[in-house]
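Data block below; observations after.
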Amino acid sequence: MTPILVASVLPADFAELGRDVAEIERAGVDRIQWDVMDGRFVPNLTFGPDVIASCRGRVSMGFEAHLMVEDPDPMLPRWVEAGCDIVIVHAEACRHLHRTLSSIRDLGARAGVALNPATPLAAVADVLDITDLLLIMTVNPGFGGQRYLASMESKIAAARAEIDRRGMDIELEVDGGIGPLTIPGAAAAGADVFCAGSALFGGTNMTERADALRTAATVATAAAATHEINGRLVTR
Ligand code: DX5
C-alpha cells in the first residue's frame, strides 16, 4: 500500500494561501487537509468554507475538511460545495454520529471520523461500515507543531487490526506531530495516510521533505509486514 501524504494548511501563510497550496501540489503531496476550527471544540479559530472555495481552482489535488467544530451537521453541505471530497467529523462532536456520516455520503463526499487521543476506538466500532476514513489524532487538536503522542500507536494498531479483520476499505490516517522521526512508528502501527504540517512547511524544499516522509513511511510499513520465521524473512 503506497502511503498517502496529506498536507495540513495550518502552518501556511494565510495571506498567501493560493501560492502555498500550489507549492503543496508541486511538491507531490497527495491531498490537502483544511483544519477547520471553531474556537469551541478546540481553543483555536481558523477559516470557513469560503476560504477553501477560494483555493479550489488553484490546484487539482483532493481536499479534505477536518472539522474540529461542535455540531458539524448544519454546515455539512458547505464543505462539499467548497470543493472538499472528504469531510471528517469528530466522534466527540456528534450527537448522532451514524446519521452525520450517512449525511456526508448522501452529499457525495467520503465520510471521515476523527478520534481525539482520549477517545477509545470503541466509539466508532458501530459506524465503521459507513466510514471511508478513520483519523486517529496523535496530538490534542487545536494547534500545529505539537509533540507526537507515541501512546496512540496501540490505538492505531488496534484500528488496523479491526479494519483488516472486517475486510473494510477504510483509510487509516494520523495527524499531529508527524515528521521524519515519528512517521515510522505510525506506519509500523498500521497507518496508511499521514497528515503533516510543520514537517512540510518552514524549510526550503517541500518536495524533498515530502519525499523523505513518504520514503520513511514506505520503509517502515514494509519492515512491519516482513517478519522472520525459522531464520527466514517472510512477508505477511
Ligand atoms: C491539530 C492540527 C495539526 C495539524 C498538523 O489540531 O490539525 O495536527 O493538522 O500539525 P503538525 O504536523 O504541525 O503537528
Side-chain angles (χ1 to χ4, degrees), residues 3-14 17 20-21 23-24 27-49 51-52 55 61-70 72 79 84 86-94 112-119 133-153 155-156 171-187 189 191-203 205-214 216-217 220:
I4 294 173
L5 191 57
V6 180
S8 158
V9 294
L10 211 52
D13 178 350
F14 283 13
L17 267 180
D20 285 3
V21 298
E23 182 186 6
I24 290 169
V29 175
D30 297 295
R31 269 201 314 258
I32 287 180
Q33 182 185 99
W34 295 89
D35 308 77
V36 178
M37 301 180 186
D38 66 355
R40 292 170 56 216
F41 184 72
V42 291
N44 196 357
L45 193 60
T46 52
F47 36 67
V51 172
I52 299 173
C55 293
M61 62 200 300
F63 283 1
E64 62 182 48
H66 177 193
L67 304 183
M68 291 165 272
V69 303
E70 291 291 353
W79 310 107
C84 296
I86 301 174
V87 177
I88 305 167
V89 295
H90 269 260
E92 306 89 353
C94 298
V113 56
L115 297 175
N116 284 334
T119 306
L133 183 148
L134 173 59
L135 173 57
I136 292 180
M137 295 303 294
T138 45
V139 294
N140 288 293
F143 302 92
Q146 299 181 84
R147 184 176 56 83
Y148 172 80
L149 297 173
S151 58
M152 293 298 109
E153 288 174 4
K155 190 193 301 187
I156 298 165
E171 289 186 358
L172 182 52
E173 182 172 0
V174 290
D175 177 8
I178 297 298
L181 299 179
T182 58
I183 203 169
D192 53 12
V193 183
F194 305 89
C195 180
S198 312
L200 285 171
F201 284 86
N205 190 322
M206 188 181 284
T207 303
E208 283 178 5
R209 288 167 168 243
D211 291 347
L213 288 175
R214 196 178 267 109

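Whatever order the structure lists them in is the order used to number ligands and atoms, beginning at 1. Everything numeric in this text was worked out from a predicted model, so none of it was measured.
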- Does a salt bridge link Glu70 with Arg40, judged by any charged N lying under 4.0 Å from a carboxylate O? no
- Message: Starting from atom 7 (O) of ligand 1, what is the nearest protein heavy atom, named by residue and atom, and what distance separates them?
- Response: Asp35 OD2, 2.7 Å
- For ligand 1, which atoms, with element, lie under 4.0 Å from some heavy atom of Met68? 6 (O), 7 (O)
- Could you grab the distance from atom CG of Leu10 to atom CH2 of Trp34, nearest 0.5 Å is fine? 11.0 Å
- For ligand 1, is Pro11 a contact, meaning one of its heavy atoms is under 4.0 Å away? no
- Task: Please report which non-hydrogen protein atom sits nearest to atom 6 (O) of ligand 1, along with the residue it belongs to and the distance in Å to one decimal place.
- Result: Gly142 N, 2.6 Å
- Starting from the C-alpha separation in whole Å, work towards a yes-or-no answer on side chain to side chain contact (heavy atoms under 4.5 Å, CB included) for Asp38 and Leu67. CA-CA 9 Å; Asp38 66 355; Leu67 304 183; over 6 Å; no
- Message: Once you measure the plane-to-plane angle for His90 and His66, does it fall in the parallel (<30°), tilted (30-60°) or perpendicular (>60°) bin?
- Response: parallel
- Message: With heavy-atom distances below 4.0 Å as the criterion, list the atoms of ligand 1 near Ala196.
- Response: 12 (O)
- Note on the structure: Near Pro141 (heavy-atom distance under 4.0 Å), the atoms of ligand 1 are 1 (C), 6 (O)
- Task: From atom 10 (O) of ligand 1, work out which of Ala114, Ser8, Gly179, Gly144 has a heavy atom at the shortest distance.
- Result: Gly144
- Chi angles and distances behind the side chain to side chain contact (heavy atoms under 4.5 Å, CB included) call for Val174, Met152: CA-CA 9 Å; Val174 290; Met152 293 298 109; over 6 Å; no
- For ligand 1, which atoms sit closer than 4.0 Å to a heavy atom of Gly176? 8 (O), 14 (O)
- Using heavy atoms and a threshold below 4.0 Å, how should the contact between Ser198 and ligand 1 be classified: side chain, backbone, both, or neither? both
- The single option from Ile24, Val29, Val6 passing side chain to side chain contact (heavy atoms under 4.5 Å, CB included) against Leu200: Val29
- Query: In terms of the angle between their ring planes, are Phe14 and Phe47 parallel, tilted or perpendicular, with boundaries placed at 30° and 60°?
  - Reply: tilted
- Task: Identify, for atom 12 (O) of ligand 1, the protein heavy atom at the shortest distance, and state residue, atom and that distance.
- Result: Gly197 N, 2.8 Å
- Output the list of atoms in ligand 1 that are nearer than 4.0 Å to some heavy atom of Gln33, sorted by atom number. 7 (O), 9 (O)
- Query: So, does Thr46 use its side chain to make a donor-acceptor pair with the main chain of Asp35 at under 3.5 Å?
  - Reply: yes
- Item | Met37: numbered ligand 1 atoms lying under 4.0 Å from its heavy atoms | 6 (O)
- Gap separating the CD atom of Glu64 from the CG atom of Asp175, nearest 0.5 angstrom: 8.0 Å
- Is the backbone N or O of Gly28 less than 3.5 Å from a side-chain atom of Arg214, with the two atoms forming a donor-acceptor pair by type? yes
- Query: Of the protein's non-hydrogen atoms, which lies at the shortest distance from atom 5 (C) of ligand 1, and what is that distance?
  - Reply: Asp175 OD1, 3.5 Å
- Message: Under a 4.0 angstrom heavy-atom cut-off, which atoms of ligand 1 come close to Gly145?
- Response: 11 (P), 13 (O), 14 (O)
- Task: Answer with yes or no whether Gly177 contacts ligand 1, where contact means a heavy atom under 4.0 Å from a ligand atom.
- Result: yes
